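Chain letters run A, B, ... following the sequence lines, proteins first and then strands; every chain starts at 1. Since the structure is predicted, the reported quantities are computational estimates derived from the model, not experimental observations.
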Protein chains: 2
Amino acid sequence: MGESISKLLANYDIRITEQRKKILKVLISSSKPLSASEIYNQLQQNNYQVRLSTIYRNLSNFHEKGLIKELNFAGKNQNYYEFINDHHHHLLCTSCGEILCLDCPLQDYESSLARETGYEISEHKIKIYGLCPQCKK
Amino acid sequence: MGESISKLLANYDIRITEQRKKILKVLISSSKPLSASEIYNQLQQNNYQVRLSTIYRNLSNFHEKGLIKELNFAGKNQNYYEFINDHHHHLLCTSCGEILCLDCPLQDYESSLARETGYEISEHKIKIYGLCPQCKK
DNA sequence: CTGTCTGCAAAGTCTTTGCAGCACA
DNA sequence: TGTGCTGCAAAGACTTTGCAGACAG
C-alpha cells in the first residue's frame with residue numbers, strides 16, 4: 001500500500017516524503033471529497049502530526065500536477081479535494097452534507113459547445129443539490 | 001428604474017433602503033456574476049459609499065430570499081453573486097476570467113436522477129472551464 | 001415609535017508566505 | 001551534499017459579528 005502510493009508520487013514527479021504519502025493516502029482512501037482540515041483531523045486521529053500549512057502546500061502541489069481535483073461547493077467556504085479516478089460529479093445533501101458520486105451526463109456536450117462558442121473547453125464541473133432520502137422525511 | 005427595483009424588493013419582503021436598491025441595481029445591470037468587492041468598487045466609482053459588511057449582509061439576505069444566486073468558481077477564493085433571471089450556466093475562461101452564460105443542457109436529467117437516487121433534487125450547477133477564442137492564440 | 005438596518009471596528013475562518021532547520025535523492 | 005520540504009509563526013484575503021446610532025414603515 002505504502003509502496004503503490006510512493007510509485008504514484010514518483011510517476012507524477014513529486015518527491016516522496018512521509019507527509020505526502022500520508023496526505024495522499026487519506027485522499028485515496030476517502031469515498032468523498034475532503035477539505036484541508038478534514039485531512040488534518042484524520043491524520044491527527046491516526047496520531048500523525050502534520051502542519052495545516054504543509055497540507056495546503058501539498059494539496060496545491062498535487063492539484064497542479066494533476067493528481068487531485070479541487071472542488072468548491074455552494075455554501076461551503078472552503079475548498080474540497082479529491083483523488084482523480086474517473087470523471088464523475090457530485091450530488092450533495094443540503095441538510096446533512098452527504099456527498100454522492102454520479103456518472104457524467106454531458107459526455108458529448110463539450111464538443112458541440114466548443115463548436116458553438118469558439119472556446120477550447122478543458123473541463124466541466126457539475127454539482128447537484130438536494131435532500132437525501134433520510135433528510136427528506 | 002429605481003421604481004421597479006423598489007417593487008422588486010417589496011415583492012420579496014425585503015425592506016427598502018438606499019443601500020439595498022443600489023446593490024441590487026448593480027447586480028441587475030451586470031451581464032455576469034460579481035463578487036462582493038466588485039460590487040463595492042462599482043458603487044465607489046459612482047460616488048456611492050457603502051460598507052463592505054453591508055454588502056455582505058445584503059447579499060446573504062437577497063440570497064436567502066431567493067433574489068440572487070451565490071456562485072463559486074474553481075480557483076477563485078471568493079463568492080460571486082448574480083441576479084436570477086432564467087436558469088442558465090457559465091463558461092469561464094481560465095486565462096482572462098471572462099464569463100459566458102450558457103443554456104442548460106440538463107433539462108430533464110433531474111427527474112431521472114431523483115428516480116434513481118431517491119433524492120429530492122432542488123438545484124444543479126454547471127461550470128465549464130476553457131480558453132476563449134482570444135486567449136487560445 | 002419600534003424594529004430593522006447601516007457604519008464602524010474588531011474578530012473569525014480559511015489560506016498563504018518567509019525563514020531556518022531537516023530530509024530525500 | 002545540495003535542493004527542496006516541513007515546522008513554525010506571522011500575515012493575508014475574504015467574510016462575519018457586536019454595538020450604537022440612524023432610518024423605514
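Within the 4.0 Å cut-off from OP1 or OP2 of C:dC14, not a single side-chain nitrogen or oxygen of A:N79 is found. For the OP1/OP2 pair of C:dG7 and a distance below 4.0 Å, the side-chain nitrogens and oxygens of B:Q19 include at least one atom meeting the criterion. Applying the 4.0 Å criterion to OP1 and OP2 of C:dT6, one finds that B:N58 has a side-chain N or O inside that range. Taking 4.0 angstrom as the limit, B:T17 places none of its side-chain polar atoms (N or O) nearer than this to OP1 or OP2 of C:dC5.
For B:K21 and C:dC5, the NZ to C1' distance is 14 Å, given to the nearest whole Å. D:dG4 atom P lies 13 Å from atom CG of A:D13, rounded to whole Å. Taking atom NZ on A:K76 and atom C1' on D:dT15, their separation rounds to 18 Å, with Å as the unit. One can place CG of A:L9 at 17 Å from P of D:dG4, the figure rounded to the nearest angstrom. D:dT15 atom C1' lies 15 Å from atom OH of B:Y40, rounded to whole Å. The CD1-P distance, from B:I14 to D:dA24, rounds to 16 Å in whole Å. The interatomic distance linking B:R51 (CZ) with D:dC19 (C1') rounds to 15 Å, in whole Å. In this entry the distance linking CD1 of B:I16 with P of D:dG25 reads 5 Å, nearest Å.
Residues B:E18 and B:Y56 each lie close to DNA chain D; by heavy-atom proximity, the contact nearer the 5' end of the strand is made by B:Y56. Between B:N77 and B:R15, the one whose closest nucleotide on DNA chain C sits nearer the 5' end is B:R15.
Between the side chain of A:R20 and the base of D:dG4 there is no donor-acceptor pair of N/O atoms closer than 3.5 Å. With hydrogens and angles ignored, a donor-acceptor pair closer than 3.5 Å exists between the side chain of B:R57 and the base of C:dG7.
Just one of B:R20, B:R15, B:K21 meets the salt bridge (charged side-chain N to carboxylate O under 4.0 Å, His left out) condition when paired with B:E18; it is B:K21.
Comparing atom distances between the A:L52 side chain and each of D:dG7, D:dC14, C:dT15 picks out C:dT15 as nearest.
Remark: side-chain polar atoms of A:H88 are not paired, donor with acceptor, to backbone N or O of A:C101 under 3.5 angstrom. With B:S112 contributing its side chain and B:Y109 its backbone, the two residues share a donor-acceptor pair below 3.5 Å. No side-chain donor-acceptor contact under 3.5 Å links B:Y81 to the backbone of B:F62.
At a threshold of 4.0 angstrom between heavy atoms, the contacts of B:S53 include nucleobase atoms, whether or not backbone atoms are also involved.
With a 4.5 Å cut-off on side-chain heavy atoms, A:L59 and A:I39 count as touching.
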